[in-house]
Amino acid sequence: MTALAHVPTSSGPAAPPPARRGRYRLLPYLLLLPGAAWLLIFFALPLLQLAAASLYDPSGSLSTGYALTWAFGNYPEALQAYWPQFVRSFVYSAIALVLALLMGYPLAYAIAQKAGRWKNLLLVCVVAPMFTSFLVRTLAWKTILSDNGALVGLLRDVHLLGPDGRLLATPVAVVLGLTYNFLPFLVLPLYASLERLDYRLLEAASDLYASPLKSFRKITLPLSMPGLIAGTLLFFIPATGDYINAELLGTPNEYMIGNVIDSAFLVRLDYPQGAALSFLLMAAILAVVFVYLRKAGTEEVL
């Protein structure tokens, strides 16, 4: 009888040796090392230094030096002294966010679903202001809102402002500056979500006699919720800590907590108070974000 040829029992590639399998398991962690090192050096360590500075002896100074005395009293003292600026920061940012949503959501929807061949051009128009310095853009608003500008003159002519009425150096100017400067951070995530919206779903809702408002509430809004959540956070967080708009478009009566922190570090050289205010601001923003994400997640499930 002829001997049967040996038939291999497996058609797949040979398994790598144990040593090579161990290297494969370590590869993802090795790829994470550069990013982890960057975060450690430029985020974690400065954050620890800031935490230590917030607990310095408040009687110290740059000339005499600071001692780490675990002065937790810096926190209630800072909050008691500057709570109006804290409240003002969140109020201004919330108002600016509402204005940005009223303008940004229709704009993002129009670009994503209605712009057609003009889509790329409109996206460039949204992003183009960010190619200019934040400071230059805010100074431009200072010119637009000036007492002798065309806008104030028009509002006076139509009697929306009194003869001596003004926009510059008022809360209105600060809120408008915040809305304008951070609007792209809201529009772009919304556009990314709305572009993936299947328009046939809206047509099906219309065929089922759903009103446009109900179609928006039941289809468009839930499907755009990821972009809406991301956009509102990207808008609200930097707007709350901003100080340029209040500095250039307002007066000390409109100063936000960012102005106080800037003054504590660079003018009064009160590092313990500036660091304590910074941590209080971070804690307040994290609390607001946590509540917002829980609320938004619950509504999305419902």
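Contact of the T220 side chain with the Q113 side chain is not registered, since no non-hydrogen atoms from C-beta on lie closer than 4.5 Å. Y56 places none of its side-chain heavy atoms less than 4.5 Å from the side chain of T69. Using a 4.5 Å heavy-atom cutoff, the side chains of N181 and R137 are in contact.
In this structure, T64 contributes its side chain and G60 its backbone to no donor-acceptor pair below 3.5 Å. The backbone N or O of Q273 sits nowhere less than 3.5 Å from a side-chain atom of N74 that would complete a donor-acceptor pair. Between the side chain of S193 and the backbone N or O of L190 there is no donor-acceptor pair closer than 3.5 Å.
Residue D157 places its CG atom among more than 12 non-hydrogen atoms of other residues, nucleotides or ligands, all under 6.0 Å distant.
Once rounded to the nearest 0.5 Å, the distance linking CG of L249 with CH2 of W141 reads 9.0 Å. The distance from the NZ atom of K119 to the OH atom of Y191 is 4.5 Å, given to the nearest 0.5 Å. Annotation: the span from I144 atom CD1 to L167 atom CG amounts to 11.0 Å, rounded to 0.5 Å. A distance of 4.0 Å separates CG in L281 from CD1 in I285, rounded to the nearest 0.5 Å.
Placement of L99 and Y292 within a single hydrophobic cluster is found when ILVMFWY residues are connected by side-chain heavy-atom separations under 4.5 Å, directly or transitively.
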Kindly indicate, with the supporting measurements, whether the criterion side chain to side chain contact (heavy atoms under 4.5 Å, CB included) is fulfilled by L186 and L234.
CA-CA 7 Å; L186 176 68; L234 288 173; over 6 Å; no
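Checked against the 6.0 Å centroid criterion, the rings of F182 and F134 qualify as a close aromatic pair. The six-membered or imidazole ring of Y109 lies away from that of F216, with a centre-to-centre distance of 6.0 Å or more.
Between the side chains of S59 and D57, at least one donor N or O lies within less than 3.5 Å of an accepting N or O. If you check the side chains of Y255 and S263, you find no donor sitting under 3.5 Å from an acceptor.
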